[in-house]
Amino acid sequence: MLRSAFPLVSHLPPRKPPPVRPARPPPVRPYASSAARPSPPPASAYVHLPFCRKRCLYCDFPIVALGSSSSSPVNGEGNDPRIADYVRLLLREVAATRPVSNDGVPLETVFFGGGTPSLVPPRLVAAVLDALRGKFGLSASPEVSIEMDPGTFDAAKLRELVGLGVNRVSLGVQAFQEDLLRACGRAHGLREVHEAVGIVTACEGLQNWSMDLISSLPHQTEEMWEESLRCTVDARPTHVSVYDLQIEQGTKFGQLYTPGVHPLPSETDSANFYKIASKRLSEAGYNHYEISSYCKTGYECKHNVTYWQNRSFYAFGLGSASYINGVRFSRPRRMKEYADWVQKLEIGAWSHEPDSAGMKDMAMDVVMLSLRTAWGLDLRSFSKSFGKSLTVSLCNTFRPFVESGLVIVMDMERRALQPSDFKLDLQYEGEIESKVAFIRLSDPDGFLLSNELISLAFGVIAP
Amino acid sequence: MATATATATASRLAVPAPRPSPAAPGRRRPAALSPAPVGRPRALSAASRGRVVCPAAPASASPSTSDAGQDRLQKVPISNIRNFSIIAHIDHGKSTLADKLLELTGTVQKRDMKEQFLDNMDLERERGITIKLQAARMRYVMNNEPYCLNLIDTPGHVDFSYEVSRSLAACEGALLVVDASQGVEAQTLANVYLALENNLEIIPVLNKIDLPGAEPDRVAQEIEEIIGMDCSNAIRCSAKEGIGITEILDAIVTKIPPPQDTAKSPLRALIFDSYYDPYRGVIVYFRVVDGRIKKGDKICFMASGKEFVADEIGVLSPKQMQVNELYAGEVGYLSASIRSVADARVGDTITHYSKRAERALPGYSEATPMVFCGLFPIDADQFEELREALEKLQLNDAALKFEPESSSAMGFGFRCGFLGLLHMEIVQERLEREYNLNLIITAPSVVYHVNLADDETVECSNPSLLPEPGKRRSIEEPYVKIEMLTPKEYIGPIMELGQERRGEFKEMNFITENRASVVYELPLAEMVGDFFDQLKSRSKGYASMEYSLIGYRESNLVKLDIQINGDPVEALSTIVHRDKAYSVGRALTQKLKELIPRQMFRVPIQACIGAKVIASEALSAIRKDVLSKCYGGDISRKKKLLKKQAEGKKRMKAIGRVDVPQEAFMAVLKLEKEVL
């Protein structure tokens, strides 16, 4: 049984700097490399397991709804031939994928996302893990995450998964109110939520798990949201993901609701929910390390951090998106087209286009991803990759927001600086390195307006 | 008929649905004869711009005049020349009557007439602008004596009253055509007065007597009462049915005096129109007043001082037909490789280079723009295209003035001056439709006289350039006298309109039992908005109006500024009467609040007079704009959304820190036209 969760992810700067640091600590600057030279080979893999009992009313992901025909609520779908067929396809894709490097960079993280991966029988999950291990190798202590929904697993199934090497569970609870669960079209009720939390917390060998919640659901009130947060804190997960409901076109919710209009909470209420989450979870000792992610110190989701640091990663399965050699590629979202694509891959009729995105797009990726995090944007590294003048323009654009508190400037040790320090520094023709090293969006106000702020930055990058 | 022009119509401001390409204002162009219009994209065919085909008419089909039309180029003694124009309100039958005159004199074949007539109607309907005959030489035989009749048409809109006056000055008489089922309209009156000023013999004609609702007696009485003209012998006709046409032709011969025989004097010819032809240069229409002009003569325009050689001279009948010589009393055209209509302005006098006339004909004046507005391309890249388009239009429109202007909100554009509102609309329309330019048009402004503290007086037509309050002593604004003719039941609403527009009531007269003339004096600025539309809507379309400039008067005017987040938006500044400043300020700030997207901070929107805020709104700050999912590393969709958001910001103009969409400017400018 693999124990996961080395509390400190080596490349992540800790929230508080250790007492002794070299004058210039080398925090990982992944995007610097991605822009200037070939990116390091992927050490992460995303695996899409698209099966769900039914589609939730807000969901627009590539999923396969199996229907609730099964007799056993927990393992009924296990023998569904569609799952086995799909996993065979998945294994073919893994087999047909050429590792980016031949010097054997092993996978540090694997993430089984969905869909509802917990509907997939553990033996099939094992087959995928084996294939990945055989193809790319797994590091000595990889983070292996799986998304699980209440009502789709029991203690035995979880034990089995943990036995296979799964060491992080992302539990899709979404809400602690029966009515809200029903309103979302979730395939489980409140009872299953409590059972699932019980199973996960009682599971020997599973230290690291995330409670996933959705805020701004229809009919959700501030009291309900406080209750969900209270229940979450009480369950003591190492990680909490709080997703703000997005109303997507083409979903049932898209037909039914308009953002900000009853029964959805108003924009003000919705912003308030975000602030409450930030407050309550911080009080309970969670770090708000990314727009929608909170964790106990050291329990960042290493896999997701890969995305935010703009590092490359493999992806396998229906509709999944990979980022290899500077190229982002999304697989077909329809099963038939995906199967055809796998076949092309097998016969060598498909390969990643060697040309990578332009510098502007690269810079946009870096900005958009890094500003999602509490670590923020590394200005020195950005300047190195994309030029001083762009960096200075970016800072100038953000300056009014530093003053208004939406953007925070930080020094090398990630200590917040006064807005006046930012001003001073900019006066030295791009000598931003002197004191200001990072900029980040403030929590919660800056995070809440992240789209506005990031799109402003986009306007600077691509005028 | 043979030519198209931008004559005023009842719907001059309520510009009707698609108008293809109104001819340049006041520039009556013989479309049938000019090979291609000025500066017009080739894609726009002749048909689409209102060209009316009028083939030469070699033979006459009219039994009464046998084939008199064929020899219309033949010379007649000066005593047998009659030069006249037709004065009529839109829809009162001018085009039909002109058609019938051409037909009966064999100038144009009947078959061709019909086609033209239909074309005319379509175009009129589409453009709301009368298509009219430019000039036509007809031969008419009466009592076995051949006469040469020259019909010179006029534009009918006050914007072009100068051009009208020059056309009338080229005539000795005019037909006053009034619809016997309706009555005299304001515009008709204005032109009758102009004709009387030019000592023209006026022949009243009551048209449409075939209509069941025709009341020729009543209308004749109306003309007598309003104009004070004897109508006992008014000709009753139906141009449509061909009734009374011969009587009209006879009356032209017997009542209108011939031109004076001054063929031996030095050449003086009055230019009453000109248009630009891209192949031949400017074509000049003129009436020879004194002397004679021959092909190949070296000529000189006395006002512009330009000299040319008359490569070609001819008559319009109605198509251009070359002749070798024209003498006093005759009407014709010439081409002389003239590059811009500015060199051959309406009203200028043509004389011989070597044997100059002592003095020019009276009445020449430069075009004085009365209304100004800023034209800005929505897409900054179109600035050069806009300049080129304006230059091309100017080739054919000497009254159009423009100079570059820049504004922090609108970027680079031009401040343009126009004769009036119709002129402005026509130019805007042509720029947008013929040159495919997308324009932001600022609210029209008049020319203010600003009396400065140091006793100097400056003109100002751009609110953002108004001198500071401390530097100015007073502001004067142009006033117009406006006469509105209306059925009596709309007198109330029309007087309300006059009052609302700061009008000073002057007089009201019942011209008949049921119709009244209401006269106001009011600021021109109050008319440049939607006054005409309001007049029409408040009278269910029955009222008509006419105005003339009566000078400048001091008014309690203030400059109203708009500030967004404390930053002034120059392009939205306006000059308004103090009493109206509050309501205008409120309307503008409310509109802006509707249209400016919320920002990351609270944005006050204020209307100010100097430092004093008189109306205020505020946009609340955005509370939340966050995409929380970043699923499975698929950032492409999120990035697309953010890019779209960034694009949206780019399309906006930054006013200080606030992004304001173009649409907000446009809507506010439109609102300014309505509320000012």
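Protein chains get the first letters and strands the later ones, always in sequence-line order, with residue 1 at the start of each.
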Residues B:Lys401, B:Cys416; criterion side chain to side chain contact (heavy atoms under 4.5 Å, CB included); working and verdict: CA-CA 5 Å; B:Lys401 304 272 192 271; B:Cys416 302; over 6 Å; no
dist A:Glu452:CD -> B:Met600:CE (nearest 0.5 Å) comes out at 5.0 Å
Less than 4.5 Å to any heavy atom of chain B: does that hold for the side chain of A:Ile461, its backbone, both, or neither? neither
Measure from NZ or CZ of B:Arg657 to the centre of the six-membered ring of B:Phe601, then state whether that distance is under 6.0 Å and the direction lies within 45° of the axis. yes
What do you reckon, are the aromatic ring centroids of A:His48 and A:Tyr338 less than 6.0 Å apart? no
Most heavy-atom pairs under 4.5 Å with chain B, out of A:Ala457, A:Ser270, A:Pro259, A:Ser322, belong to A:Ser270
A:Phe447 portion near chain B, given a 4.5 angstrom heavy-atom threshold: backbone
Contact class of A:Leu449 relative to chain B, heavy atoms under 4.5 angstrom: both
Can you tell me which portion of A:Ser216 sits under 4.5 Å from chain B's heavy atoms? Options are side chain, backbone, both or neither. side chain
Cation-pi check, A:Arg328 to A:Tyr323: give yes when NZ or CZ is under 6.0 Å from the six-membered ring centre and within 45° of the ring axis, no otherwise. yes
Region of A:Ser330 that comes under 4.5 Å of a non-hydrogen atom in chain B: side chain
Less than 4.0 Å between a side-chain N and a carboxylate O, is that true for B:Lys624 and A:Asp244? yes
With a 4.5 angstrom heavy-atom cut-off, could you sort out which part of B:Lys649 is near chain A: side chain, backbone, both or neither? side chain
Against chain A, work out which of B:Gln599, B:Lys643, B:Glu647 has the most heavy-atom pairs shorter than 4.5 Å and name it. B:Lys643
